[in-house]
Amino acid sequence: MKNLDLQEIRRELDGIDARLVELFQERMRLCCDVAEYKLETGKAVYDGKREKEKLAAVEAMASGDFNKQAVRELFTQMMTVSRKRQYQILADHGQKVDLGFEEIPFLKKEGVRVVYQGVEGAYSHGASIQFFGEDADLYHVPSWEDAMVEVEEGRADYAVLPIENSSAGAVSNNYDLLIKHSNYIVAETQLAVTHALLGLPDAQITDIETVYSHPQALMQCSRYLNSHRQWKQISVENTAVAARKITDDGLKSQAAVASEIAGKLYGLKVLAPAINHNKDNVTRFIILAPKAVYCKDAGKISLCFEAPHKSGSLYNMLGNFIYNQVNMLRIESRPIEGRSWEYRFFVDVEGSLRDGAVQNALKGIAEEAAAMRILGTY
């Protein structure tokens, strides 16, 4: 067996790596020339047919199954980097992307109608008051989709919908509604969720036998509620409905888990304040409008895209953010209806639509995705 000298092997590898870097830089210089040509001719940066042919050709040059796959992965990444550099060059020459959004000086809050889901005293009601003020023209509808339709059909200027909770995670159904309806996110507000145990004015904790609330609220207060094992816990559609039920039924044996705002609204007494065990429980609400507008100081962008159903496609998509140094804040996936095992991805990133790097990233994703939509910037 040949004696192997690790240091000598490493020296040979270093020499090969140096040549690889030199060749890579030469390749990128030629890619810049390609970008200049495409700039003059108006030809698209992404050419899926050409890339497919190129990958097949370089794979055929390699020997052995492992090397063939490795060479395909290597050149896939190199072509991804090349495309992103070409997008930058086009942007440097003033080829900005028309993303269909209009910049406005500020978001109008006075003299507008605002719709939310639930009833008065629900946390969506509280978020609406927090963002638009107590004197705003607020009204409620039974479902989240009803709220989206109110805005879409012009009966409301804005809708307020929950999108995620710090302890329970994403409100998945509302992500689906963002795709189904043509409204746009124009702002967000975060509401601290503090649950209280509410009862009739003359009730005492010792009177309680049954507690009503939304299932999530019961879960978030489970440590406190389970310390009273004699209490029966019953789920209702939301916390404000639970508070209203206590008032309507007029039974001292019943209590609700809801906000103190709901308690005041329905004339209830706080039997125990802040009973949720996670004291940092926050729900993020999005503000939706019918038009694609954004304020000048907007610093976050929400978008969704469908990645081609093939290996490495999501990795290549997200690479557009990495190469352009765009910080991704969150990512969620939802199954695409009618297409088994295919997913739509929802992403929040930092940045402005006026920023060249952001435009490069979004243009790259738009050209490579099966479908892409900017949901809003705020």
Side-chain angles (χ1 to χ4, degrees), residues 23-59 72-104 179 182 184 291-294 296 298 301-328 344-347 349-377:
L23 289 170
F24 174 75
Q25 292 187 130
E26 179 64 14
R27 190 182 196 283
M28 289 304 297
R29 183 188 66 77
L30 292 171
C31 287
C32 291
D33 291 342
V34 170
E36 296 289 345
Y37 171 81
K38 290 178 178 178
L39 186 67
E40 292 179 5
T41 61
K43 186 177 175 64
V45 169
Y46 181 60
D47 186 343
K49 183 175 181 292
R50 161 67 178 167
E51 291 198 6
K52 186 176 181 180
E53 292 171 350
K54 182 68 175 178
L55 290 173
V58 295
E59 184 177 339
R72 173 175 279 273
E73 291 178 8
L74 175 63
F75 274 81
T76 296
Q77 184 58 28
M78 281 202 298
M79 286 189 288
T80 300
V81 171
S82 169
R83 286 197 305 273
K84 292 162 191 169
R85 178 59 182 141
Q86 290 181 52
Y87 289 136
Q88 287 184 335
I89 291 172
L90 265 60
D92 290 343
H93 283 78
Q95 282 202 5
K96 300 297 184 181
V97 185
D98 182 8
L99 299 171
F101 279 73
E102 177 190 355
E103 183 181 304
I104 58 175
I179 296 300
S182 57
Y184 297 89
K291 295 182 179 179
V293 297
Y294 69 98
K296 186 176 182 178
I301 300 164
S302 293
L303 67 144
C304 67
F305 60 82
E306 299 171 20
H309 195 49
K310 60 183 181 180
S311 176
S313 60
L314 178 60
Y315 172 80
N316 291 332
M317 294 284 188
L318 298 181
N320 286 285
F321 297 130
I322 297 169
Y323 190 79
N324 286 289
Q325 297 181 320
V326 176
N327 184 34
M328 187 169 69
R344 182 179 289 114
F345 297 90
F346 294 82
V347 176
V349 298
E350 284 183 330
S352 167
L353 291 182
R354 296 179 295 131
D355 183 9
V358 170
Q359 290 192 358
N360 290 335
L362 295 177
K363 185 172 182 180
I365 291 174
E367 292 202 13
E368 297 169 39
M372 188 198 89
R373 179 181 165 193
I374 299 174
L375 300 171
T377 176

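The environment of R29 atom CZ is dense: over 12 non-hydrogen atoms of other residues, nucleotides or ligands sit within 6.0 angstrom. With a 6.0 Å radius and a threshold of 12 heavy atoms from other residues, nucleotides or ligands, K54 has its NZ atom at or below the threshold.
When side chains are defined from C-beta on, Q86 counts as touching S82, because their heavy atoms get closer than 4.5 Å. For the pair E51/Y46, a side-chain contact is recorded, criterion being any heavy-atom separation below 4.5 Å from C-beta on.
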Starting from the C-alpha separation in whole Å, work towards a yes-or-no answer on side chain to side chain contact (heavy atoms under 4.5 Å, CB included) for K363 and L99.
CA-CA 9 Å; K363 185 172 182 180; L99 299 171; over 6 Å; no
Taking it one step at a time, do Y294 and I374 satisfy side chain to side chain contact (heavy atoms under 4.5 Å, CB included)? CA-CA 12 Å; Y294 69 98; I374 299 174; over 6 Å; no
Q: For C32 and E36, run side chain to side chain contact (heavy atoms under 4.5 Å, CB included): C-alpha distance rounded to whole Å, both residues' side-chain angles, the deciding distance at 0.1 Å, then the answer.
A: CA-CA 6 Å; C32 291; E36 296 289 345; 5.7 Å; no
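With hydrogens and angles disregarded, a donor-acceptor distance shorter than 3.5 Å links the side chain of N320 to the backbone of M317. Side chain of K84 to backbone of G319: a donor-acceptor contact under 3.5 angstrom is found. Distance alone, capped at 3.5 Å, is enough to place a donor-acceptor pair between the T76 side chain and the R72 backbone. Within the 3.5 Å criterion, the main-chain N or O of V293 finds no donor-acceptor partner in the side chain of E103.
From E26, atom CD reaches atom SG of C31 across 10.5 Å, with rounding to the nearest 0.5 Å. To the nearest 0.5 angstrom, I179 atom CD1 is 4.5 Å from R344 atom CZ. Separation of atoms CD (E102) and OH (Y184) is listed at 12.0 Å; rounding is to 0.5 Å. Taken to the nearest 0.5 Å, the CG atom of N324 stands 10.5 Å off from the CZ atom of R85. The CD atom of E40 lies 9.0 Å from the NE2 atom of H93; values are rounded to the nearest 0.5 Å. Rounding to the nearest 0.5 Å gives a distance of 10.5 Å between CZ of F305 and CG of L362.
Nearest heavy atom pair, residue V326 against residue A361, reads CG2-CB, 4.3 Å. The minimum heavy-atom distance between A298 and T377, with the atom names listed, is CB-OG1, 3.6 Å. For the residue pair S352 and V358, the shortest heavy atom distance occurs at O-CB, 3.4 Å. Nearest heavy atoms, N360 versus Q88: ND2-CG, 3.4 Å. Nearest heavy atoms, A35 versus I89: CB-CD1, 3.8 Å. The two residues F345 and A307 make their nearest non-hydrogen contact at CE1-CB, 4.3 Å.
Considering only residues two or more places apart in sequence or on other chains, K49 meets the side-chain hydrogen bond (donor to acceptor under 3.5 Å, both in side chains) condition with E53.
Look at R83 and E367 and you find no salt bridge, because none of the NZ, NE, NH1 or NH2 atoms lies under 4.0 Å from a carboxylate O.
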